[in-house]
Amino acid sequence: MKRVILLVIDSLGVGEMEDVMKVRPQDRGANTLKHVAEAVKDFNIPSLEALGVGYLVDSEKIKRPANPLGSYGKSKLAHFGADTYQGHQEIMGSKPRMPVVKPFIKFMDRVEKALKKAGYDVKIPDPEHPFLLVNGLVTVADNIEADPGQNYNVTAPLDYISFEEELAIGRIVRENVEVGRVIVLGGRDIAVDDILKAIEFKDGSITGIDCPKSGVYRSGYMVRHLGYGVNPEVQVPTLLHRQGYPVSLIGKMADVIECDGAEYFPMVETEGVMELILEKMVSQKTGLIAANVQETDLAGHAMDASRYAERLMTADLYLKSILEQMKEQDLLIITGDHGNDPTIGHSHHTREKALLLVYGKELKAVNLGERDTLSDIGATIADYFGIQKPEHGRSFLNLIG
């Protein structure tokens, strides 16, 4: 039985995109894997090296076996910027669409009217720093963690409203704005006052919630990312599930990919993510097991190369067991979604090409070159199962089959 294990090592970039000087000059020179390897004395990733990752960066710290086990290449980013959510939608076969970048105040009137039309009570608690308070419980405001104007947050105390009810509010917001993401999130053991006390103001026109300060992450945290121009119906997880294949979404993959009928396993800790993959490899004999290792990205945001290396090496250690457990018809794909070079001088994502490693016991090991889009991964998965292809991407199965 055919099975695909897709592992996204969040932010593991392998060199700047050609367009950085035009669109993100602050990312010039970024190369997350190379710089993390060279910043840490005892860097050691033998499983990734065996698959051929050393052929993707020029570094004496990363070995290049004469005959790598896997196929290797790089994927360009077709999405705009360097974004986890958009990167994952692209991996799953969505064609990226250009979102707008505007503070929430630019859409606030439209959202307020739509929510009131749907029967919600909507107030603006602070006209000087405007955001929306829906039914006295749910805030709709700017996301203050990303670049200004990229994303909006819908935040709620889940002891007082169900996540499904909050998500319904979030979908109305999504229908009335054109920014990249509307992030619906909530937690337990907090009240709306805790959220309101965590309001922050930035750059004159940005008003949002400091999520860690609000306590939303501490207990019972739930989140769903709603993207611009994203249709799960044309993505490979949904296409697979429609054909009767099981789909498991592990780690941050469970936060950013929508697939009705999939099993969701939210997890942040790298050990937990990798152990869940191994557990599903025992219980799920076919279909798609898709996981995201998030802690590498968190280390990039913290500009901590040592922590980045430690989390990457932990994933690599578990990867040895994954390779040992693979069956004859298993296909392993390892990729990233952008970069987050902790040595670049800022704490944001970096616009880099993503690594691409592909392994199967019955498959050839070849140089896959540079793919035009991360969506080639989704197209290849669909091709491997012989199902309808997603809306974007070109399969490379013919190169390795």
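Crowding of Glu324 atom CD: a count of heavy atoms from other residues, nucleotides or ligands under 6.0 Å exceeding 12. Remark: Tyr221 OH is packed, more than 12 non-hydrogen atoms of other residues, nucleotides or ligands lying under 6.0 Å away. When the shell of 6.0 Å around CG of Asn398 is examined, it contains more than 12 heavy atoms from other residues, nucleotides or ligands. The number of heavy-atom neighbours closer than 6.0 Å to NZ of Lys63, taken from other residues, nucleotides and ligands shown, is 12 or below. The number of heavy-atom neighbours closer than 6.0 Å to CZ of Arg28, taken from other residues, nucleotides and ligands shown, is 12 or below.
Listed by chain and residue number, nothing satisfies the side chain to side chain donor-acceptor pair (under 3.5 Å) test with Arg224 (two or more places apart in sequence, or in another chain). A search for ring pair (Phe, Tyr, Trp, His ring centres under 6.0 Å) contacts involving Tyr245 returns Phe385, not counting sequence neighbours.
His88 and Asn292 form a side-chain donor-acceptor contact under 3.5 Å, judged by distance and modelled atom types alone. Neither side chain, Glu16 nor Thr350, offers a donor N or O lying under 3.5 Å from an acceptor on the other. The closest side-chain donor-acceptor pair between His338 and Ser11, if any, does not fall under 3.5 angstrom. Between the side chains of Thr343 and Asp341, at least one donor-acceptor pair of N or O atoms lies under 3.5 Å. Side-chain contact check for His346 and Gln26: no donor-acceptor pair (N or O, by modelled atom type) lies under 3.5 Å.
Under the salt bridge (charged side-chain N to carboxylate O under 4.0 Å, His left out) criterion, the residue pairs touching residues 149-168 are Asp159-Arg188, with sequence neighbours excluded.
For the pair Arg394 and Arg371, the minimum side-chain heavy-atom distance is below 4.5 Å. You'll find the side chain of Asn143 stays beyond 4.5 Å of the side chain of Gln150, heavy atoms only. With contacts defined as side-chain heavy-atom distances shorter than 4.5 Å, the pair Glu279/Gln284 does not qualify. Using a 4.5 Å heavy-atom cutoff, the side chains of Ile199 and His129 are not in contact.
Note that CD1 of Ile333 is 4.5 Å distant from CD1 of Ile381, once rounded to the nearest 0.5 Å. With rounding to the nearest 0.5 angstrom, the CD atom of Glu90 is 11.0 Å from the CD atom of Gln235. Rounding to the nearest 0.5 angstrom, the gap separating the OG1 atom in Thr32 from the OH atom in Tyr308 is 5.0 Å.
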Q.
Applying side chain to side chain donor-acceptor pair (under 3.5 Å) to Glu233 and Thr238, what does each step give before you reach the verdict?
A. CA-CA 6 Å; Glu233 299 299 310; Thr238 299; 5.1 Å; no

Q: Could you go through the side chain to side chain contact (heavy atoms under 4.5 Å, CB included) check for Met281 and Met326 one step at a time?
A: CA-CA 8 Å; Met281 288 180 71; Met326 286 183 66; 4.0 Å; yes

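For the pair Arg181 and Tyr85, the NZ or CZ position fails the cation-pi test of under 6.0 Å to the six-membered ring centre and within 45 degrees of the ring normal.
A salt bridge is defined here as a Lys NZ or Arg NE, NH1 or NH2 lying under 4.0 Å from an Asp or Glu carboxylate O, and Arg311 with Glu269 fails to meet this definition.
In terms of heavy atoms, Val230 sits closest to Ser94 at CG1-OG, 4.3 Å.
Ring-centre distance between His349 and His301: below the 6.0 Å cut-off.
Using a distance-only test at 3.5 Å, with no hydrogens or angles considered, no donor-acceptor pair links the side chain of Asp376 to the main chain of Ser395.
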